[in-house]
Amino acid sequence: MKVLVIGATGFSGRRVAAGLAKRGHSVTCMARASSDRDVLDGVPVEFVAGDLDRPAGLVRALAGVDALMFVASLGFGHAPTVVDAMREAGVARGVFFSTTAIFTRLPARSRVVRLAAEDAIRDSGLDWTILRPTMIYGGPGDRNVERLLAAVARWPVLPAVAGGGRIIQPVLVDDLAAAAVRALETPGAVGRCYNLPGGEPVTFGEFVRAAAAAVGRRV
């Protein structure tokens, strides 16, 4: 397929774009001028300039492609614009990254936006698939484990709710990217939402202790 990837220069997106290219798909990445395109150096992809705040450019980027892989955040209110652009460009197939954070009981402002985005996608009439990863990790720039490693390397004490007994199930970014490619290629994934955790649940305390051990500290 000819696939347009939005969010391709991000932590997960660059791995999704590389995975699509490795599988033989023709990959075009829509990116702003300020995006760091060097993160895909050596990966056989093309770039097209575009901005989600400018619908006309999005329609042009979608022209002639078979599918959209949307790895950017759904938390900024762009979903209706993307859906309309796909309809106008005649692109029916789309895989969209959401998050299991929509299930939080915390008063997160982005939760309402993300839920509305999922509703817009499900009601679009497109051949959609929604992927909801848990906390993503797997290298520098992951914004989760990297921050934790820095914290435990610096501080001997780390506060933990409920004594660190809360369960988390982080997902490796490479596994997530492979799942995204598989979802795009699988007809049975159309019209489905998938929650994508890692292989094993662990307590937050176990997670912190593993991070501390990785940097030679005891927290």
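Residues Phe207 and Met135 meet the side-chain proximity criterion, which asks for heavy atoms closer than 4.5 Å. Taking the side chain as every heavy atom from C-beta outward, Phe204 and Ile167 never approach each other to under 4.5 Å. Side-chain contact between Val157 and Val219 is absent, with no heavy-atom pair separated by less than 4.5 Å. In this structure, the side chains of Ser12 and Leu176 come closer than 4.5 Å at one or more pairs of heavy atoms. Residues Trp128 and Cys193 form a side-chain contact, since some pair of their non-hydrogen atoms from C-beta on lies under 4.5 Å apart. Looking at Leu126 and Val83, their side chains come closer than 4.5 Å, going by heavy atoms from C-beta outward. For the pair Phe96/Val82, a side-chain contact is recorded, criterion being any heavy-atom separation below 4.5 Å from C-beta on. Between Gln169 and Val202 there is no side-chain heavy-atom pair separated by less than 4.5 Å.
Looking at Glu185, its side chain never comes within 3.5 Å of a backbone N or O of Arg182 through a donor-acceptor pair. Without hydrogens or angle criteria, Ser35 side chain to Ala31 main chain gives no donor-acceptor distance under 3.5 Å. One N or O on the side chain of Asn144 and one on the backbone of Ile136 form a donor-acceptor pair closer than 3.5 Å. When atom types are taken as modelled, the side chain of Thr99 and the backbone of Ala101 share a donor-acceptor pair closer than 3.5 angstrom. Under the 3.5 Å distance criterion, the side-chain polar atoms of Arg111 are matched with a main-chain donor or acceptor of Ile102. In terms of modelled atom types and a separation under 3.5 Å, the side chain of Thr129 and the main chain of Ala189 share a donor-acceptor contact. Listed for the Glu146 side chain is a donor-acceptor partner under 3.5 Å among the backbone atoms of Gly141. For the pair Asp66 (side chain) and Met1 (backbone), a donor-acceptor distance under 3.5 Å is absent. Of the possible donor and acceptor atoms, one in the side chain of Asp142 sits under 3.5 Å from a partner among the backbone N and O of Val145. With hydrogens and angles ignored, the 3.5 Å screen pairs no side-chain donor or acceptor of Thr28 with any backbone N or O of Glu46.
A cation-pi geometry, defined here as NZ or CZ lying under 6.0 Å from the six-membered ring centre and within 45° of its normal, does not hold between Arg14 and Phe11.
Within 6.0 Å of CZ in Arg23 there are 12 or fewer heavy atoms belonging to other residues, nucleotides or ligands. Counting heavy atoms of neighbouring residues, nucleotides and ligands inside a 6.0 Å radius, atom CZ of Arg37 exceeds 12 of them. The local environment of CD in Glu88 is sparse, with at most 12 non-hydrogen atoms from other residues, nucleotides or ligands closer than 6.0 Å.
Here the straight-line distance linking atom CZ of Phe103 with atom CG of Asn195 works out to 4.5 Å at 0.5 Å rounding. Here the CZ-CZ distance, from Arg114 to Arg132, works out to 12.0 Å after rounding to the nearest 0.5 Å. Considering CG of Asp127 and CE of Met86, their distance stands at 8.5 Å, rounded to 0.5 Å. The structure places CG of Leu58 at 5.0 Å from CE of Met30, a figure rounded to the nearest 0.5 Å. To the nearest 0.5 Å, the span separating CG on Asp51 from OG on Ser34 amounts to 8.5 Å.
Hydrophobic clustering (ILVMFWY, side-chain heavy atoms < 4.5 Å, transitive): Leu74 and Tyr194 are in distinct clusters. Under the 4.5 Å side-chain contact rule for hydrophobic residues, Ile130 and Phe97 do not share a cluster. Transitive grouping of hydrophobic side chains (ILVMFWY, heavy atoms separated by less than 4.5 Å) keeps Leu149 and Trp155 in distinct clusters.
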* Asked: Stepwise, does the side-chain contact (heavy atoms from CB on, under 4.5 Å) test hold for Val48 with Leu4?
  -> CA-CA 9 Å; Val48 60; Leu4 177 69; 4.2 Å; yes
* To do: Begin with the C-alpha distance, continue with both residues' side-chain angles, and end with the deciding distance and a verdict on side-chain contact (heavy atoms from CB on, under 4.5 Å) for Leu148 and Leu158.
  => CA-CA 10 Å; Leu148 178 59; Leu158 192 74; 3.7 Å; yes
* Go through Thr203 and Arg166 one step at a time and tell me if the side-chain contact (heavy atoms from CB on, under 4.5 Å) criterion holds. => CA-CA 5 Å; Thr203 67; Arg166 297 291 175 86; over 6 Å; no
* **Residues Cys29, Val27; criterion side-chain contact (heavy atoms from CB on, under 4.5 Å); working and verdict** => CA-CA 6 Å; Cys29 303; Val27 180; 3.9 Å; yes
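Remark: Glu118 engages Arg122 in a salt bridge, criterion side-chain N to carboxylate O under 4.0 Å. Salt bridge status for Asp174 with Arg15: present, with a side-chain N to carboxylate O gap under 4.0 Å.
Summarising the geometry of Ala179 relative to Leu196, their closest heavy-atom pair is CB-CD1, 4.0 Å, with the distance given to 0.1 Å. When every heavy atom of Val16 is checked against every heavy atom of Met69, the shortest pair comes out as CG1-CG, 3.6 Å. Here the closest non-hydrogen pair linking Thr134 and Pro197 is OG1-CA, 3.5 Å. Leu62 approaches Val91 most closely through the heavy-atom pair O-CG2, 3.5 Å. Here the shortest heavy-atom pairing between Ala183 and Leu131 reads CB-CD2, 4.2 Å. For Pro133 against Val171, the heavy-atom pair with the smallest separation is CB-CG1, 4.2 Å.
Between the side chains of Asp53 and His78, a donor-acceptor pair is found at a separation under 3.5 Å. A donor-acceptor contact closer than 3.5 angstrom is absent between the side chains of Ser124 and Arg87.
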